[in-house]
Amino acid sequence: MRKVACIGAGMTLFRRRLKETPKELCWEATRMALDAAKLEMKDIDAVVTGSAPDAFDGVHMKGEYYADGCGGFRKPITRVFTGGGTGVFSPIAAWWHVASGLADIALVVNEEKMSSCYPHAQSVFAHIWDPILDRPLNPNLVWIFAMEMNRYMTVHKIKKEDIARVAVKNKRNAVAHPAAQLADAKITVEDVLNSEVLAWPVQRLDISPPSDGASALILASEDAVKRLKVETPVWFSGVGWCIDSTMWTDRDLYFPRYLAQASQMAYKQAKIDNPRKQIDFAEPYDPFDYKELHHMEGLLLCGKGEAAKLTREGVTERDGDLPTCPSGGLLGVGNPIAATMGTKVGELYWQLSGQAGKRQIPKEIHTGVTNAWGDLMQFSSVVVMRA
Amino acid sequence: MKAHKSPRPKGVAFAGEALSQGQIDRGTALQTRFRPQAKYSWAAGQAMSRFLDELKAGRLIARKCYRCERTLFPPRMFCEECYRPTDEWVYIKDTGTIETFSISYIDKDAKRITEPIFVGVVSVDGASPLMGMMHYFGETTKEEIRIGMKVKAVWKPAEERTGSVLDIRYWKPIREARR
Amino acid sequence: MRVAIVGIGLTPFRPSTPEFSWKELMYDAATRAYADADLDPRRDVQSFVTCAEDYWEGFGIFDEFVPDQLGAAMRPTCTVCGDGIQGLAQGAMQIQSGLFDVVAVESHSKASDLLTYPHIVQHALDPILNKPLRGHPNYLGGLEMDAYLRASGNTARDCAAVVAKNRTGALKNPIAAYGAKLTAEEAERSPPQFDPLRTLDQAALADAGVVLVLASERKARQFSANPVWLRGFGWGTDSPNLEARDWTTAKYTEIAAAAAYRMAGITKPEKAFQVAEVEDRFSYKELQHLEAAGLSKKGETAKRLKKGDFAVGGGLAVNPSGGSLGCGYILDASGLHRVAEVALQLRGEAGSRQVHRARNGVAVSWRGLPTATGGVAVLGVGK
């Protein structure tokens with residue numbers, strides 16, 4: 001298996017509504033990544049892009065439409081799409097372009113423009129449900145999270161306060177992220193608990209709202225890293241992904257077993273058999289605050305039902321023993337679905353190469369893990385990186 | 001190599017110009033609109049057609065896989081575990097257990113509603129454990145509803161049933177008869 | 001490390017499949033492929049790739065609805081928003097990266113569930129520059145046909161001959177939906193719809209499912225006595241902007257072919273193959289793809305077509321399956337179908353349309369309007 005490293009990253013601001021078109025968002029993130037890696041588009045052998053529902057941007061086959069913004073002009077470019085899992089999955093697809101030997105240097109660009117969907121991106125989520133079993137009930141996306149959150153809280157007897165701590169931690173962490181949409185230095189657990197109940201037990205401040213944004217990473221083979229004399233390559237040491245059955249009403253939602261399986265696939269490659277000890281920090285996917293806890297357990301960083309305790313004890317703070325979402329996560333920086341690659345794999349790269357600025361984790365770090373999550377509570381992608 | 005810089009305000013490392021809802025609504029941000037014509041009529045297929053017919057008849061039906069011996073609900077013509085065709089139609093009960101629920105104060109477009117919707121997953125008696133469907137819960141309160149509650153389907157009258165999951169109005173708590 | 005095709009599953013192509021849901025159609029295609037390779041997907045297939053677009057299917061995240069019917073529940077599975085050859089390439093790279101030995105690649109069309117197909121194609125156009133022009137999007141095919149014919153020297157009559165060849169050839173393909181005994185004269189008289197594109201120049205939609213099982217070299221012979229080697233593959237995209245695009249040459253095919261031939265060690269494509277399946281969703285595309293893939297020299301294509309060089313029995317059988325014109329156009333799955341038909345030929349399993357001593361073949365795909373994206377796959381049997 002050829003070794004693959006990340007040698008540059010870029011992202012745009014994440015905002016509720018950006019003026020830039022999908023092509024322009026891609027261009028900005030890509031240009032920033034190329035500049036960071038001191039490369040030009042002619043150095044790129046292949047492009048991968050990830051983007052979530054076409055209905056957000058309002059263009060069918062949107063990967064084709066914005067391909068030029070990603071530098072996909074007269075190059076091999078492929079779009080992958082695994083729902084919310086795309087933010088960590090498209091880097092995996094770029095990884096196999098290099099690991100297979102097809103490309104020496106690959107570019108992955110993720111883009112999302114949820115604001116194009118009028119009047120609200122929410123309406124698109126009506127179409128992720130089964131047309132016969134679910135849609136007639138006029139479901140709202142928040143219901144999925146509410147049902148999963150309730151099951152998780154009830155099975156493990158977790159208090160809402162402990163879940164709210166995650167929102168507080170991440171929104172405060174995001175103050176140090178220059179691209180952040182929802183940073184809040186002063187937010188408290190009370191603020192979260194007093195926020196409007198949308199679909200019990202989910203409250204407004206439990207959720208990351210829709211965003212526009214783009215992010216890009218440059219991946220290179222070991223030979224290319226040597227040839228380019230890259231100073232701070234960050235290596236992919238394990239990749240994994242897994243999808244569970246479509247029949248989500250037949251599954252026990254308290255534990256994301258598909259994430260555990262994806263994690264095991266990645267940890268096996270990375271030769272990690274004691275994740276809690278061997279992993280220095282984590283960027284689990286946190287579209288809702290309880291999801292960070294759910295995913296910490298799915299990432300096998302702690303036992304089932306134990307993530308809340310770690311949070312309460314401060315273990316997951318940036319200066320804790322297992323910094324979790326030091327970027328500020330989706331809750332703090334924003335959730336332009338696939339473009340969250342910038343605060344997930346992107347953050348792993350920036351942290352492990354010492355370029356995380358005010359977000360830099362104070363303790364010595366060598367190994368990080370991240371996951372993304374998508375489809376109908378069904379899919380996860382996992383990446384382990386080392387420097 | 002000369003780095004290309006996009007025009008962005010000095011000192012701002014990340015690109016992007018934020019717009020407000022007001023600019024969109026007032027039209028001060030130039031915009032183009034398009035409404036796609038996206039209409040579909042999905043063939044229900046073998047499994048779902050029978051499932052819907054049975055709902056119209058006031059019954060819930062499942063499929064059995066002889067190899068793993070699971071009774072699969074909602075019914076499907078292939079077992080995803082064994083990867084083989086399923087073997088037999090089996091009627092199941094219309095009682096079950098609440099596996100999870102939510103109390104929603106927003107509708108499908110995220111608009112606030114006054115009467116909350118009780119919704120969740122009910123595992124149905126007669127099917128294998130945890131085999132369930134999403135549906136509404138009714139005749140209960142937010143104080144009373146809980147995971148583990150036993151419920152029963154409340155059906156629409158026969159002449160109102162159309163072959164839809166909405167042929168069941170909601171699932172209501174099974175209360176012990178008072179002696 | 002080489003990758004082989006060890007399982008092929010093709011459902012019959014039909015104008016509509018009302019008795020099957022899309023899940024059941026996918027299950028049918030997958031079952032056939034796994035039976036062909038004599039494997040149990042739950043035990044033997046390690047990764048699954050589907051090629052799909054939300055708007056073809058009518059779902060917000062189609063990826064959700066794929067695993068169970070492919071045997072992929074609780075397995076690594078992903079969706080590629082690309083055509084069959086792009087999906088095939090991802091599967092091959094997953095194997096060549098060392099992650100897996102066996103990967104299944106799936107794509108299908110349930111176009112009969114989609115009531116507003118031309119509107120969906122239109123929805124792929126640039127929202128600012130092109131959508132406001134409205135109109136049925138196939139006018140873009142008419143524009144390209146016009147530009148291509150003028151630049152290539154091929155004629156509308158030649159395109160009619162392609163229609164006749166493929167529609168008639170499809171009569172020998174038991175899975176084809178639109179086999180018909182058509183002459184070039186009849187095709188030429190077909191009324192213009194997007195002049196010069198005539199009604200019969202455009203393949204009709206069909207429902208069908210295609211699944212291919214790929215295996216690494218070390219596992220291939222476990223599943224197939226005669227593996228079909230994927231000797232090379234490539235894909236590419238020209239400009240998405242209609243205004244900036246080359247309207248005369250299928251540039252994406254040139255890019256894809258260059259990559260695929262380099263991988264396969266092919267320097268003289270015109271002489272390397274006995275069989276070629278090239279996308280003919282519009283009749284003129286067959287000629288354009290042949291030239292861009294280096295299978296026919298510009299200026300010679302029409303002559304060779306007239307001589308029967310591209311018929312079964314000629315020097316290079318082109319679309320012996322009947323192509324999309326004869327079988328039916330199955331959206332992004334058509335790329336995978338092209339590959340499947342070449343693979344069947346190389347195995348000697350093409351029945352009455354078998355190309356004699358077919359040892360090396362090439363598949364050329366296109367994602368359809370309004371894209372300038374497509375792939376090339378080079379296949380061979382033997383060493």
Just wondering, more than 12 heavy atoms not from B:Ile113 lying within 6.0 Å of its CD1?
-> yes
Counting heavy-atom pairs under 4.5 Å to chain C, which of B:Glu80, B:Met48, B:Met77 comes out on top?
-> B:Glu80
For B:Glu88, look at atom CD and say whether over 12 heavy atoms of other residues, nucleotides or ligands are found less than 6.0 Å away.
-> yes
Sort B:Thr32 into side chain, backbone, both or neither according to what part of it lies under 4.5 angstrom from a heavy atom of chain C.
-> side chain
Atom group of C:Ala72 that falls short of 4.5 Å from chain B, counting heavy atoms = neither
Toward chain B, the part of C:Leu25 with a non-hydrogen atom under 4.5 Å = neither
If only atom types and distance count, is the side chain of C:Arg42 paired as donor or acceptor with the main-chain N or O of B:Glu81 below 3.5 Å?
-> yes
Going through the distances and angles, do C:Phe59 and B:Trp42 end up as a ring pair (Phe, Tyr, Trp, His ring centres under 6.0 Å)?
-> CA-CA 11 Å; C:Phe59 295 107; B:Trp42 300 278; 5.3 Å; yes
So, does C:Thr116 use its side chain to make a donor-acceptor pair with the main chain of B:Lys39 at under 3.5 Å?
-> yes
Does atom CG of C:Asp38 have more than 12 heavy-atom neighbours, drawn from other residues, nucleotides or ligands, at distances under 6.0 Å?
-> no
Answer yes or no: is there a donor N or O on one side and an acceptor on the other, between the side chain of C:Trp22 and the main chain of B:Ala44, under 3.5 Å?
-> no
Can you check whether C:Arg43's main-chain N or O pairs, donor with acceptor, with B:Tyr83's side chain at less than 3.5 Å?
-> no
Worked verdict on B:Phe78 versus C:Asp68 for side-chain contact (heavy atoms from CB on, under 4.5 Å) = CA-CA 8 Å; B:Phe78 45 84; C:Asp68 301 346; 3.9 Å; yes
Residue, of C:Gln122, C:Glu57, C:Lys110, that accumulates the most heavy atom pairs under 4.5 Å with chain B | C:Glu57
Just wondering, are more than 12 heavy atoms of other shown residues or ligands nearer than 6.0 Å to NZ in B:Lys156?
-> yes
Are there more than 12 heavy atoms of other residues, nucleotides or ligands under 6.0 Å from atom NZ of C:Lys219?
-> no
C:Pro18, part contacting chain B, at a heavy-atom distance under 4.5 Å = backbone
Okay, C:Thr17 and chain B: the region with an atom under 4.5 Å from a heavy atom over there is backbone
Side chain from CB out, backbone as N, CA, C, O: work out which of these in C:Tyr117 comes under 4.5 Å of a heavy atom of chain B, or both, or neither.
-> neither
OH of B:Tyr40 to CH2 of C:Trp56, rounded to nearest 0.5 Å, is 9.0 Å
Checking C:Gln69 against chain B: side chain, backbone, both or neither under 4.5 Å from a heavy atom?
-> both
Side chain, backbone, both or neither: which part of C:Arg134 has a non-hydrogen atom closer than 4.5 Å to chain B?
-> side chain
Can you tell me how far CD of B:Gln46 sits from OH of C:Tyr27, rounded to the nearest 0.5 angstrom?
-> 12.5 Å
Do B:Gln37 side-chain atoms and C:Ile120 backbone N/O form a donor-acceptor pair below 3.5 Å?
-> no
Taking all non-hydrogen atoms of both residues, which atom of C:Glu24 and which atom of B:Ala47 are closest, and how far apart?
-> OE2-N, 3.1 Å
Could you tell me whether B:Arg35 atom CZ has more than 12 heavy atoms of other residues or ligands within 6.0 Å of it?
-> no
